[in-house]
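One-based numbering along the sequence shown.
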Amino acid sequence: MRGPINTHPTITKHPVVGACVPSKWVLFGVFVVLIGYGLPGAVMAQDVRGAIHNDHESDVDSHPTPSSFVDATTQKCGTLLASPAMSQRPKARAMDAEPSTENNLIQSHQSPSGKFVLYYTLTGSDAVPSNDEDQNGIPDYVETAAVAADSSYKKMVLELGYTDPIPEGEMYRIDFENMGFYGYTYPSGDPSGTSMSVHHDFVGFPQNDWPDGDVEGALLVTIAHEFKHAIQYADNRWSGGVGDQDWLEMDATMMEETVYDDVNDYYNYLVSNSIFSSPTQATPVAYSHVTWMLYFAETYGESFWVEVWREIAQNRDRSMLDAMTIVYQRLLGGGSGVQESTVLESALTLRNDHTQNHLWHAGSLEGAADPMWTPASNEAAYGFEESAFYPKAKFTSSVNIQAFPETDNLGSISSWAAKTVQLIPPATADPTQGVLVRVNKQSASTPMGVGLLARFKDGRQKEVFQSVSNQVSTTLVPGWSWADISDLTMVVVNTSYRSTLSGSNEQTLSGLEWLVDAVFLPERGLLLPYPNPFGDQVSIPFYLNAPGEVSMTVFDATGRRVSQLVQHQSYSDGFHSVEWRPEGIASGVYFIQFSGQGFRDVRAVTLQRNGQ
């Protein structure tokens, strides 16, 4: 996603009297109110001026570490925080209103495109830095903000095609304020329906990667972030199915990366409470789950989210996941609108992506068991484009396998969350011992995703994942030798979610158990069917060491053929599986015959019908 970056006037770092990082007790006192439809006036930042702005407070380090900042401040953006008092502040007035006595020295500056007007002051607690390198009478800080606003508009509206929140011939208002947030967007009487306020100097805020300094980097991404809130408001008035803070803040934070890829201020919010550190916390989570959305942008392109927001704008009651499902339908060739015939297929694609999404997080490069492990020269780091810079994944458990089989319980997983296990093969693993992973769950009706990521000792990395529904067990036999693997990451994902399109609901995935074993890697033939005995359906895995044409037939104890599962069908080399769901036959022992050119193999399975 890296691309050319706009050139901005350089901002000189400077000390400002009274500038400080928001104190922890102030933010704990913020009263968070998620807005409801019809209450746009409540969508404003908490007014904490008296507590935050202490002209004598000077004991704050000017560049706290990302982790210390995240621990001390849980809110990056003031949008969707309520304070009736804020409506009386100067920035909540329409643009043609007279300035108050407190701000009678407010000046203005138009952005180069004429799309934005920025109001600032050089005196008082809201004063912006006064540096003016080109001596044109406009502070560099304000000029940089104006160019950032134009760049955000160009990228989001003109290039990607998001909704334009600025009416033709009008300008969008930006103010600068000394506050406890990076910035906030709020409904106003201006023609755009919203205005934004941005921190007046960003001194003491977290570090980022912008080459011209942390202050300028924070300013750039804050304007991109808040302008995306303005677009959201134009689409759904911050209400309905995607009106909660979590989705809106994840979306706006993603736009920081889209517009200013080299700033990476959002890295500060991956330290804690992210999918890397807490996969058991269900998505969405404001800010820290931004990488969940980046997965889709990197997999399907940035236009994916443009299409999702078009669906949300057309139907404000649509949930985020249902809007994504409709976009999947178009990707699958289902055309526009809701096509009932492809809803289930689209929902399955979403569940598969959610599983792989968690595997990308669990497979963060720093999560390798061997600190010296690096990808092979012909392979990139796994998953995200910037995975090498993301934090090390925290696993639910990490197991050094002593002997096969190894088993453990995972307990339960809430809807749209996951648990992760890191498996370290035994040093004595034999090259003929292949990987087998089985996961059991209590209820067949709760959908589940299971993913595996293997890091090989030679630097290769491979993944496999599988969706499971209407079954209580799944087994993955990917054809990897335990002896070749440095470590194996397993994710188990609850893929249930509430949908008005498919009629599905959130469910708890419970009674989870996993088992890893070593399966003999034959040249070709049947592996152990599972489950066995079985009630409704049995999986029949097999292995081929070379591509070939095979057949699979089921016989009863008398030798009568009861089912032809595969007949002269071509398969590639590796592991495969065939499902058998018998109908109209009684309980008993049946024999699976598997044959191909020059070989034949037979396995017995036991069908146990309820009541028989």
Side-chain angles (χ1 to χ4, degrees), residues 6-19 44-45 47 49 52-53 55 78 86-153 166-167 169-186 188-192 194-203 205 212-213 215-216 218-220 222-227 230:
N6 291 284
T7 302
H8 300 270
T10 301
I11 299 175
T12 304
K13 295 183 182 179
H14 61 287
V16 175
V17 175
M44 303 170 198
D47 186 1
R49 174 180 294 272
I52 290 180
H53 305 303
D55 289 346
M86 188 61 74
S87 64
Q88 306 303 317
R89 306 274 309 262
K91 61 193 60 55
R93 303 188 320 272
M95 274 192 274
D96 58 356
E98 290 295 325
S100 68
T101 302
E102 179 188 359
N103 286 273
N104 58 3
L105 296 178
I106 286 181
Q107 302 177 57
S108 65
H109 172 64
Q110 289 187 19
S111 69
S113 71
K115 287 286 185 180
F116 298 86
V117 58
L118 297 85
Y119 289 88
Y120 65 95
T121 181
L122 294 172
T123 63
S125 59
D126 290 339
V128 300
S130 59
N131 303 83
D132 183 11
E133 283 196 3
D134 58 7
Q135 297 183 357
N136 65 350
I138 307 298
D140 296 338
Y141 190 86
V142 175
E143 287 188 289
T144 298
V147 175
D150 282 349
S151 297
S152 298
Y153 181 90
I166 307 175
E170 301 291 348
M171 291 185 292
Y172 193 91
R173 176 171 183 147
I174 300 175
D175 289 274
F176 297 95
E177 176 185 358
N178 189 353
M179 58 178 141
F181 307 104
Y182 281 66
Y184 64 92
T185 304
Y186 59 96
S188 70
D190 292 340
S192 298
T194 61
S195 301
M196 77 168 74
S197 188
V198 177
H199 199 276
H200 74 124
D201 67 11
F202 287 106
V203 171
F205 276 66
D212 291 329
V215 168
E216 182 171 315
L219 176 62
L220 302 182
T222 297
I223 289 177
H225 182 114
E226 298 306 330
F227 188 64

Asks: Could you tell me which residues satisfy side-chain hydrogen bond (donor to acceptor under 3.5 Å, both in side chains) with Ser108, sequence neighbours excluded, listed by chain and number?
Replies: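 Testing Ser108 for side-chain hydrogen bond (donor to acceptor under 3.5 Å, both in side chains), a comparison that skips the adjacent residues, returns none.
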Asks: Are Asp201 and Val215 close enough that some pair of their side-chain heavy atoms sits under 4.5 Å apart?
Replies: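 A side-chain contact under 4.5 Å is absent here.
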Asks: Side chains of Tyr172 and Thr194: do they bring a donor and an acceptor to under 3.5 Å?
Replies: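 Their side chains do contain a donor-acceptor pair, which is all the 3.5 Å distance test asks for.
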Asks: On a heavy-atom basis, which atom in Pro139 and which in Leu122 lie closest, and how many Å separate them?
Replies: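 Shortest heavy-atom contact: CG-CD2, 3.8 Å.
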Asks: Determine the minimum heavy-atom distance between Asp132 and Gly137, stating which atoms define it.
Replies: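 Minimum heavy-atom contact is OD2-N, 2.8 Å.
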Asks: Hey, what do you get for CD (Gln107) to OG1 (Thr123), rounding to the nearest 0.5 Å?
Replies: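 Nearest 0.5 Å value for the CD-OG1 distance: 8.5 Å.
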Asks: Which residues satisfy the side-chain hydrogen bond (donor to acceptor under 3.5 Å, both in side chains) test with Ser152, sequence neighbours excluded?
Replies: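 Ser152 satisfies side-chain hydrogen bond (donor to acceptor under 3.5 Å, both in side chains) with no residue once adjacent residues are dropped.
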Asks: Hey, could you give me the NE2/OG1 distance between His199 and Thr222, rounded to the nearest 0.5 Å?
Replies: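 Rounded to the nearest 0.5 Å, the NE2-OG1 separation comes to 9.5 Å.
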Asks: Minimum heavy-atom separation for Ala148 and Leu220, please, with both atom names.
Replies: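 Distance-wise, the nearest heavy atoms are CB-CD2, 3.7 Å.
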Asks: Under the side-chain hydrogen bond (donor to acceptor under 3.5 Å, both in side chains) rule, what do Ser125 and Asn178 come out as? Steps first, then yes or no, please.
Replies: CA-CA 6 Å; Ser125 59; Asn178 189 353; 5.0 Å; no
Asks: Judged by atom type as modelled, is there a donor-acceptor pair below 3.5 Å linking the side chain of Asp190 to the main-chain atoms of Ser195?
Replies: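 Absent.
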Asks: Could you tell me which residues satisfy side-chain hydrogen bond (donor to acceptor under 3.5 Å, both in side chains) with Ser192, sequence neighbours excluded, listed by chain and number?
Replies: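 So Ser192 forms no side-chain hydrogen bond (donor to acceptor under 3.5 Å, both in side chains) with any residue.
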Asks: For Met171 and Gly114, work out which heavy atoms get closest and say how close.
Replies: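 Heavy-atom minimum between the residues: CG-O, 3.0 Å.
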Asks: List for me each residue that meets side-chain hydrogen bond (donor to acceptor under 3.5 Å, both in side chains) alongside Asn136, sequence neighbours excluded, and say none if there are none.
Replies: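 With neighbours one apart ignored, the set is Asp134, Glu143.
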Asks: Any chance you could measure His200, atom NE2, to Leu219, atom CG, to the nearest 0.5 Å?
Replies: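 Reported to 0.5 Å precision, the distance equals 12.0 Å.
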Asks: Kindly give the heavy-atom pair with the smallest separation between His109 and Tyr120, and that separation in Å.
Replies: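 Nearest pair, atom of His109 first, then Tyr120: CB-CE2, 4.2 Å.
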Asks: If only side-chain N and O atoms count, and only distance matters, is there a donor-acceptor pair under 3.5 Å linking Ser197 with Asp175?
Replies: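 Per modelled atom types, Asp175 and Ser197 side chains form no pair under 3.5 Å.
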Asks: So, using side chain to side chain contact (heavy atoms under 4.5 Å, CB included) as the criterion, who are the partners of Ala218 when residues are at least two apart?
Replies: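 Expected list: Tyr182, Phe202, Asn208.
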Asks: What are the two closest heavy atoms between Val198 and Met179, and how far apart are they?
Replies: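 Of all heavy-atom pairs spanning Val198 and Met179, the closest is C-CE, 3.2 Å.
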Asks: Rounded to the nearest 0.5 Å, how far does CE of Met196 lie from OH of Tyr184?
Replies: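 So the OH of Tyr184 and the CE of Met196 are separated by 12.0 Å.
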Asks: When you look at Thr121 and Asp126, which way does the side-chain hydrogen bond (donor to acceptor under 3.5 Å, both in side chains) test go after all the steps?
Replies: CA-CA 7 Å; Thr121 181; Asp126 290 339; over 6 Å; no
Asks: Determine whether the aromatic ring centres of residues Phe176 and Tyr141 are separated by less than 6.0 angstrom.
Replies: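 Close enough - the centres of the two rings lie under 6.0 Å apart.
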Asks: Restricting to side chain to side chain contact (heavy atoms under 4.5 Å, CB included), what partner residues turn up for Ala149, sequence neighbours left out?
Replies: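 Per chain and number, Ala149 pairs via side chain to side chain contact (heavy atoms under 4.5 Å, CB included) with Phe116, Ile174, Ile223.
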Asks: Quick one: CG on Asn131 to OG1 on Thr144, what's the gap to the nearest 0.5 Å?
Replies: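 These two atoms lie 10.5 Å from each other.
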